[in-house]
Peer 1: 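A single structure is presented below for examination.
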Amino acid sequence: RHKAALDARSKDDLRSPICCILGHVDTGKTKLLDKVRQTNVQEGEAGGITQQIGATYFPIEAIKQKTAVVNQDQSMEFKVPGLLIIDTPGHESFTNLRSRGSSLCNIAILVIDIMHGLEQQTLESIRLLRARKTPFIVALNKIDRLYGWEAIPNNGVQDSLAKQSKAVQREFEDRVQKTKLALAEQGLNAELYYKNRNMARNVSLVPTSAVTGEGVPDMLKLLIDLTQNRMSDKLMYLSELECTVLEVKVIEGLGTTIDVVLSNGILREGDRIVLCGMNGPIATNVRALLTPQPLRELRVKSAYVHHKEVKAALGVKIAANDLDKAIAGSRLLLVGPDDDEEELMDEVMSDLTSLENALDKS
Ligand code: GDP
């Protein structure tokens, strides 16, 4: 089964990469996410950005708009269909977002406050990223707080930097240098992304401001660049399912539901699924696959849109029986016609010990 799934993959049909954001409290993770999501008011709904369950989906059209200012020569190619960004920042959620040693996230944004440098949770985040072998970039946030900064909203950061006074440029260089030194003490080579000639060896730093939006186009461009050019193997569609439970929630009228991120494969209404439960494995049938109703449709009675089937990558709510004891962080396996359900139950429960071990260690 696994071999057939691997054979069916193609580099011409990539799925959307999944991105997580983490870092010390108050570095601007939430505000940065808000800024990325912010729609351009003049253009109405920006290219179909959709709020999903626990995640926001950015179709490639929206990314093209948001990166246009740093892609004026249009030299950048877009090979992925979009980008899925997990909405819950912070490393607690990141710890759960894992299956089998590897991370659910294809790439992460580690946010560092340029005025504060590395802080305690920055170090914890670095440890987690390493343990999960997750590639990441650093958003060096709050550049607008450099003394005397003249903002050019939503601009590319190199252009904005070039237009600052000598004093601002000096303070910037100074703080970048300090951050690079502090990262070197953690064993990480880091370089400003536009000076980084060896992406495999050096972590890229992207200066950003979540308030003025400067550097946000650069950050998105870098995420797309890195994922589609350096990790296309991981982004090829599998016919096999890769799915992780983010949250277990009771919803009025639906009972206990699970919010999952489908990172690969296709899930259909009626599918037989297996996942971890507190009192042992759970096997059940998907009753409904739900995403939130788009904002403009709020007058519609139900809060959710039903789907017959969904394709990776996306966040979706699953309604099914017997989910009360489901465990967040668990993998979700699909029981195919030729599969032995008992075997899959054993397989999924074997994750639980590794999940507990990982939590103990981190
Ligand atoms: P989180 O804890 O990492 O999610 O941080 P928040 O996004 O909640 O931001 C913490 C505080 O820093 C808030 O008061 C934000 O308004 C502020 N903040 C975040 N990003 C920036 C930035 O780029 N520039 C400035 N000046 N303030 C920021």
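FYI, the numbering just counts along the sequence from 1. Atoms within each ligand, like the ligands themselves, are counted from 1 in listed order.
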Peer 1: Out of Lys142, Lys31, Arg145, who gets a non-hydrogen atom closest to atom 11 (C) of ligand 1?
Peer 2: Lys142
Peer 1: Could you say whether the N/O atoms of Ile143 and ligand 1 ever approach to under 3.5 Å?
Peer 2: no
Peer 1: Applying salt bridge (Lys or Arg N to Asp or Glu O under 4.0 Å) to Glu269 and Arg287, what does each step give before you reach the verdict?
Peer 2: CA-CA 6 Å; Glu269 212 181 75; Arg287 181 162 16 101; over 6 Å; no
Peer 1: Please check whether Asn141 reaches ligand 1 - meaning an N/O of the residue sits under 3.5 Å from an N/O of the ligand, judged on distance alone.
Peer 2: yes
Peer 1: Could you list which atoms of ligand 1 come closer than 4.0 Å to a heavy atom of Val211?
Peer 2: 21 (C), 22 (C), 23 (O), 24 (N), 25 (C), 26 (N), 27 (N), 28 (C)
Peer 1: Using a 4.0 Å cutoff against the non-hydrogen atoms of Ala210, which atoms of ligand 1 qualify?
Peer 2: 20 (N), 22 (C), 23 (O)
Peer 1: Does either side chain, that of Asn155 or that of Ser160, offer a donor lying less than 3.5 Å from an acceptor on the other one?
Peer 2: yes
Peer 1: Which atoms of ligand 1 sit under 4.0 Å from any heavy atom of His24?
Peer 2: 3 (O)
Peer 1: Measure from atom 4 (O) of ligand 1 to every heavy atom in Asp34, Thr30, Asp113, Ile114 and give the option owning the shortest one.
Peer 2: Thr30
Peer 1: Counting heavy atoms not belonging to Gln169, are there more than 12 under 6.0 Å from its CD?
Peer 2: yes
Peer 1: Please check: side-chain N/O of Asn196 versus main-chain N/O of Leu192, any donor-acceptor pairing under 3.5 Å?
Peer 2: no
Peer 1: For Thr27 and Asp113, does a side-chain donor sit closer than 3.5 Å to a side-chain acceptor?
Peer 2: no
Peer 1: Glu341 and Arg272: salt bridge (Lys or Arg N to Asp or Glu O under 4.0 Å), yes or no, with the steps?
Peer 2: CA-CA 9 Å; Glu341 193 168 300; Arg272 183 84 176 157; 3.0 Å; yes
